[in-house]
Each structure stands twice: as C-alpha cells, then as structure tokens.
Amino acid sequence: MYLKSLTIKGFKSFAETTKIQLSPGVTVVVGPNGSGKSNIVDSIVWVLGAQGPRSLRSQKMEDVIFAGSNNRAGLGRAEVTLVIDNSDGTLPIPAAEVAITRSLSRSGESDYSINGSPARLVDLVDLLADAHVGRSQHVIIGQGQIDQMLSARPEERRAIIEEAA
Amino acid sequence: MYLKSLTIKGFKSFAETTKIQLSPGVTVVVGPNGSGKSNIVDSIVWVLGAQGPRSLRSQKMEDVIFAGSNNRAGLGRAEVTLVIDNSDGTLPIPAAEVAITRSLSRSGESDYSINGSPARLVDLVDLLADAHVGRSQHVIIGQGQIDQMLSARPEERRAIIEEAA
Amino acid sequence: MRSVFMVALEDVNRSFQAIFSQLFPGGSATVVLLDTENPLQSGVDFELSIPAKKVRRMSLLSGGERSMVALAFLFAIFQSRPAPFVILDEVEAALDDKNLARFLGLLEHFRTTAQLLVISHQKRTMEVADVLLGATMDKSGTTKVVREEISKRLPLAIRTAE
Amino acid sequence: MRSVFMVALEDVNRSFQAIFSQLFPGGSATVVLLDTENPLQSGVDFELSIPAKKVRRMSLLSGGERSMVALAFLFAIFQSRPAPFVILDEVEAALDDKNLARFLGLLEHFRTTAQLLVISHQKRTMEVADVLLGATMDKSGTTKVVREEISKRLPLAIRTAE
Ligand SMILES: Nc1ncnc2c1ncn2[C@@H]1O[C@H](COP(=O)(O)OP(=O)(O)OP(=O)(O)O)[C@@H](O)[C@H]1O
Ligand SMILES: Nc1ncnc2c1ncn2[C@@H]1O[C@H](COP(=O)(O)OP(=O)(O)OP(=O)(O)O)[C@@H](O)[C@H]1O
Ligand SMILES: [Mg+2]
Ligand SMILES: [Mg+2]
C-alpha cells in the first residue's frame, strides 16, 4: 500500500486543480517560505478525516477553503482526493486502488466518498484502522511538532503507542 | 553600554570556571547540538534576575547547578558574573564597569551582588530599568521562541511594547 | 494474557534501543511505564542515557538533542508497527551537520520498506530524494507544484546502462 | 496628554512599516489596538498585507513567514526603543535562502548601533560575524568555549593597512 496521487482543488493556497503524482521511496518537497509545502501536508491530514481546525492551523473549518489572493476571488468549496494503491490488499476493500475524497463548502456541507460512493467519517476510520494510518498522529509530523513530542504528557505518549499497536 | 564579559561556574554544563570575552558588533555562537550554546543564553537570562525555572528550561531552580556528568561529580553551587561596560554612563552607577553576580547553592541560598557589594533583586531591576534591559523579554529570544511571538495573546504583545516604552 | 499494549511496548522498546544507539552512538533508551501497578492506564516516560552526560530531565536537553530523541521514538514505533507512509515536515531544522547525517541514515534505512514524504530546506536532504516536488507561489498567490524524478538526473551513461 | 504607551506604539509602527517592507518587499504592516475605546488596557494585534496574498489569519501563515513577521516586530521595537544588546537563539532556522539573506541584512543594519549575540547553525550567518564563539562538549560532559576574532581572518595585507 502506498499513496499514489493527491488532487487538491480550492484547499488553502491551491486555487487551481492540482494533481500530484506520488510514488514509493523518498519524496522531498522543496520551495520558498509560504509557497504551499505544509498546505500539501494539511490536505492529506484533512482528507484522512481530521476533525479539529487547530490540527490544520485554522480557527474555523472553512479557513481551509481558498480565501482569494490579490487578483483572484475566493472559492466556495474545497475538495481533496487521495488515491491509495491497494494492490497488496492492505485495505479491506476489493479494489486495486482506493480513492478517498473529502469536500467542504462555505455553507458548511461536508462530504466524504470512497471510490466514488458516499461515505461517512466512521466508514473512513474503519477502512484505515487496519493499515496503521488511524488518526495518523505518529505517521504525520507537522512543522514544529517534532519538539512537542518531548513536551507531551506521559498519557499522550502512551496514546501514540496504543494507536500504533 | 555593552556586555563586556561573562564568567560562568557551576551553571548547567559549565563545570569549570569559564570566562567569555564579549565585544560590540556581531558575535555568532556556533557548535554541535548539545554543546552548551543555549546554556550561555540561559546564564545571561539568569544573572539578569530570571525568577521562574521554566524560563531556564528547568523545573526547579537548582536544575541550573551543574548536576555532574559521566566522570565528574555534580557541584553544589552555580555562579555567573556579567560585566557590563558602562563608560557611556547608561547605568545610573558612577563606574566605568558594572559587574553583576548571581549565585545559588543547592541548599537554596541565592545571592546577588553589584560591583562586589551584596544587592537584592529589586536593586538589580532598578539598575537595569533605564537601559531598556528590564525583564528582557524583547531583547533575548530563546530557541524556539520566535514562532511563539505570533501565538502570544494580544495583551502579551502589548506588554512587550510597554516594557520597551 | 499480556495486553496488546504491553506487547507493543516491548516491540517498540527493542526498536527504540536499536535506533537510539544509532542516533546517539554509545547511548541507550527505554520507554518505561510510570505506574507499573496499573499497566492498563499508566502513562509512559523515556529513560535515556547519552554518552558523557547525566540526563536528569528531558527539558534540559538541547533543541537538537530533543529532535533526535523524538525521531528515535517515532522511527521505533514505525519499525515495530509499520505504517504504509510517513510524512515529516522540516523535522531536521534544529540539527547540526553530524546529526543531519544520522537522520539521513534513518531515511536510507527505511526507504525500501515505506513511502517517505519529507519537507525540507536542507540541501543534503534533497540529495537523498528519489523524487523532488517543487512548490512555488506565483504572482496570483496560488501554489503550483512541479515534479522531478531524480533518478533521471543520473549522468546519461549510467542511465543507459541501467 | 498621550500616554507613554501610545507614543511608543506610534514609534514602533513607523519602524515596523519600514522594516516589514524590507523583509516582505511590497508588503505593509501595522500594530493596531484591538479596543480603541480603551487605549490604556487594550491588547494589540498585527494587520499585515503580504504581496499577492490575502492574509486572513496569522495562524495560516507559513513557518518561515511567521518568523519573518516576528523578526520585523522585534527589530521595530529595538529600533524605536534601542536596547544595548540583542540575543537571538537560532531564530533563522525556518527561513529559506532568500529570507535568510534579508535577515542577515537586518543584522548588517543594526551591527553598528547595538551588540548582537546570535546562535546559529547556518554557515551564512557565521560569515557576518565579527567574533565567533565556538562551544564544544568534551568527553567529561562539560562545555568549553573558544573565541576567534574574525577580522583577524582578513588577508594580512588588508589587516596591516587598517
Ligand atoms: N484558505 C487559504 N486561502 C488562501 N491562501 C491560504 C489559505 N490558507 C493558507 N494560505 C496561504 O498559504 C501560505 C502558507 O503556506 P504553507 O504553510 O504551506 O507554506 P510553506 O511552503 O510550508 O512555507 P515554509 O517553508 O515557510 O514553512 C500562507 O502564505 C497563506 O497565506
Ligand atoms: N544542570 C546541568 N548539569 C549538567 N549538564 C546540564 C545541566 N543542564 C543542562 N545540561 C546539559 O546541557 C546540554 C544542553 O545544552 P544546550 O541546550 O546549551 O545545547 P546547544 O548547544 O544549544 O545545542 P542545540 O544546537 O541542539 O540547540 C544538555 O545535553 C544537558 O545535558
Ligand atoms: Mg511549512
Ligand atoms: Mg540550543
């Protein structure tokens, strides 16, 4: 199992539909300050079911929708699709690829879908649980978070091991 | 006015008496991880009257006393002397140099002295107030603190300007 | 019957010791239960030994040392309970040259067993990449991403010999 | 009679705008009172404009952008209410090459009016030093410090001409 592609539209600084091919091995993301590197990570955290805006450096969930820039108007909807290669059958779904999509409109409507058919957050959580992706606390380390690992309380550290167990 | 020298003994990783000459202009401190660079900054924060152990990455004030290493026993006392060049008369004391000393023993005895004569914390605070050194929140930026400036609450930001005012 | 957690803790500890001694040559580390009477609830703490030092409190460790301890813990969990991918956003910002080299050694070690997505400003981290993703912010304030397969950058002679 | 704080705020704002537009060419910034009815108590916030972007919330700024905003604010206070020294511990860790150059420009600007003590792992920061202090941890786990005056590194011909 690995992440195969990520399609981002209207999420944070991605105003245009942007499809990013991913592959096994080491991928290094580079670019100037403010160019959108951490926003790519946020889009993965979000499509995997993140609930609190704070985990996305936001105050309200709709902060993730492209708010506009100096010569572009804001958009009304954010949509991210993560395609996972499942040819080894890690995910309990009989398909060689699994596409997870999440969308949010300014009116607050939020949808998930798995391989095109509507799904709820709980379906997503079930799907990912076996693959140790879960709440993904220990597999996605956001900017500045490496130091926080050590200031976490002992119960929080235990929770990280339990999540992976 | 500028910092002229710093003498550290028994403070954090400084087991031996270490005298560091300082001069105007740009001084850059370099060295491997864990070599003691930030401990130099802590020694300045401490000698200028820091009260809470947390501002020194400690839990108790005596955490600043050299605790020992693999082949050296811990010490019983920490002492730091900061010599300030006062030839321009910024500090309200008729001396071309002002030496501030702080010491702490494991028994909890803590002393200050200014140019060799015993002083209290309040004397130190008075001495430094006019020079905009004060609680030095805006002139000493510890490791990892630059990002916290932006997550500070609005009252905290106001306090920084008030301190400097 | 040992709980799932206790079994995982033991596995994590085996990996933690192995990885920690790679990042801190001569050092050792374990994750311990704070309250052994109550293994089902107890939090965990680190017990560390770093060569030449007496580690009394984690808060006294330096910025770079803290990053290395956290990386050892994360990769220990990752090794004992493999996940399909890991994403690291500028985790090596506080490291000096020697520790950066050890971190890159970790990436080399795991590159064949997992997908690693690493955000970095360090040139030496870019050099271990199979693929580089370049993000730019254009004049209209929106992000564009370009992709470059590094293996294609090998001198032509080597590539045609592949 | 305007309070000491309001006068200071005005002075800081003049400096903040000047320094911010150096760090973010084409940008502008002010420190504003949140509650203008109550100037003696009110907290302050930043109102920023960064070219090509619409800054809705500070929390959405990137790691490097946040460091640059904080540095602009600090140096603005420093310029309007000079202090004898400033100590900066790895404040440029999150910066890319372009922003690092702008930060070094700030050091160059203030080097004649204040004493700057900067801790860094960046080679380019070391290059602006008048004096280098090298810290090492020896086998006995204690810190040793050596000092090197960089101006001595100038080629002999220049030095004797001083
Ligand atoms: N909803 C949104 N609409 C438009 N732009 C946004 C939105 N949310 C965030 N941004 C922009 O995204 C930029 C930050 O991007 P990001 O944090 O990904 O940068 P980065 O490449 O990680 O930079 P650094 O190297 O400094 O960490 C900010 O400048 C911010 O203005
Ligand atoms: N009271 C003490 N007694 C002995 N050693 C101590 C004491 N307090 C701190 N130390 C040691 O000092 C070291 C940390 O030093 P410091 O934080 O100054 O490193 P640094 O040079 O800033 O490194 P980095 O580049 O990683 O930030 C730790 O390894 C710690 O063990
Ligand atoms: Mg970032
Ligand atoms: Mg440090």
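Residue numbers start from 1 in every chain, and the chains themselves are labelled A, B, ... in the order their sequence lines are given, proteins ahead of strands.
Checked against a 6.0 Å centroid threshold, the rings of Phe78(D) and Phe110(D) count as neighbours. Here Phe75(D) and Phe16(D) keep their ring centres 6.0 angstrom or further from each other.
Contact annotation for Ile50(D): neither backbone nor side-chain heavy atoms come within less than 4.5 Å of a heavy atom of chain A. Proximity to chain D (any heavy atom under 4.5 Å) is shown, for Asn71(A), by neither the backbone nor the side chain. The contact between Lys12(A) and chain D is made entirely by side chain atoms (from C-beta outward), counting heavy-atom distances below 4.5 Å. Contact annotation for Ser58(A): both backbone and side-chain heavy atoms come within less than 4.5 Å of a heavy atom of chain D.
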Do Glu156(A) and Arg153(A) pass the salt bridge (Lys or Arg N to Asp or Glu O under 4.0 Å) test, and can you show the C-alpha distance, the side-chain angles, and the key distance before you say yes or no?
CA-CA 5 Å; Glu156(A) 291 167 341; Arg153(A) 289 195 321 281; 3.2 Å; yes

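Of the listed residues (Gly31(A), Ser69(A), Ser35(A), Ser38(A)), the greatest number of heavy-atom pairs within a distance under 4.5 Å of chain D belongs to Ser69(A). Of the listed residues (Asp63(A), Asp42(A), Val30(A)), the one with the most heavy-atom contacts under 4.5 Å to chain D is Asp63(A).
The shortest heavy-atom contact between Asn33(A) and Asn99(D) is OD1-ND2, 2.8 Å.
Side-chain contact between Glu148(D) and Val131(D): absent, with no pair of heavy atoms (C-beta onward) separated by less than 4.5 Å.
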